[in-house]
A.B. asks: 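Pasting a structure here, questions to come.
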Amino acid sequence: MSGMHGDHDLGHTVAGWTGTSLAVVGFTLSGVATVAGWTSGFWLGLGVTALAALVTWVLHLSGWGKPGGPRPRADQRWRARDRAAAQGHRDCVGCRAAGRGRRRPYRQVEPREQPVTEAA
C-alpha cells in the first residue's frame, strides 16, 4: 500500500496517531456526556481533546512528527524520527510557536572603517 504514493510521505507519524487517538476519545466522551446530560463529563472530554493537541505538539517538537511531502523511503515509516525537528519545519505553525523554523539568518556586522585624519 505505501508504494502507491511513490516518494510522497503522507505524514503518518507517532505524533499524528497518538493525537488523533486521544482526540477521538475526547470527542466521544464529550458526545456521550452531552447525550447523558453529564456536564462534568462534557468538560472532561473537552479537556482530553485539548490534551490531545498538547501531546501532539510536544511529540512533534521532539521528532516524532513530520510534515507530509517527498521523503526518502527509509524515512517514510511512521515510527521514523524526524531529524529536522530540532531546526523546525518550514511553514509549520507548531514549530514557529515553539520558536523554531523561519529564523532570521545570523547577520555578522562588519566593522566600519574609521576615517583617516592627518595630523597637522
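Numbers here simply count residues along the sequence, with the first being 1.
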A.B. asks: If you group Ile, Leu, Val, Met, Phe, Trp and Tyr whenever their side-chain heavy atoms sit less than 4.5 Å apart, what else falls in with Val35?
C.D. replies: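 Members besides Val35: none; it forms no cluster.
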
A.B. asks: Could you name each residue pair satisfying side chain to side chain donor-acceptor pair (under 3.5 Å) that touches residues 18-31, not counting sequence neighbours?
C.D. replies: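 For residues 18-31: none.
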
A.B. asks: Is it the case that one hydrophobic cluster holds both Val55 and Val14, taking links as side-chain heavy atoms less than 4.5 Å apart, direct or via other members?
C.D. replies: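 Val55 and Val14: one cluster.
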
A.B. asks: Under the ring-ring contact (aromatic ring centres under 6.0 Å, His included) rule, what pairs show up with a residue in residues 32-60, not counting sequence neighbours?
C.D. replies: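 For residues 32-60: His60-His89.
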
A.B. asks: If every non-hydrogen atom of Ala52 is compared with every non-hydrogen atom of Ala23, which pair is closest and at what distance?
C.D. replies: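 Heavy-atom minimum between the residues: CB-N, 3.5 Å.
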
A.B. asks: For the residue pair Ala15 and Gly65, what are the closest heavy atoms and their distance?
C.D. replies: CB-CA, 3.9 Å

A.B. asks: Check the hydrophobic clustering (I, L, V, M, F, W, Y; side-chain heavy atoms under 4.5 Å; chains of links allowed) and say if Leu59 and Leu22 are grouped together.
C.D. replies: yes

A.B. asks: In Å and rounded to the nearest 0.5 Å, what is the CG to CG distance from Leu44 to Leu51?
C.D. replies: 10.5 Å

A.B. asks: How many angstroms lie between CG in Leu54 and OG1 in Thr49, if you round to the nearest 0.5 Å?
C.D. replies: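 It is 12.5 Å, given to the nearest 0.5 Å.
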
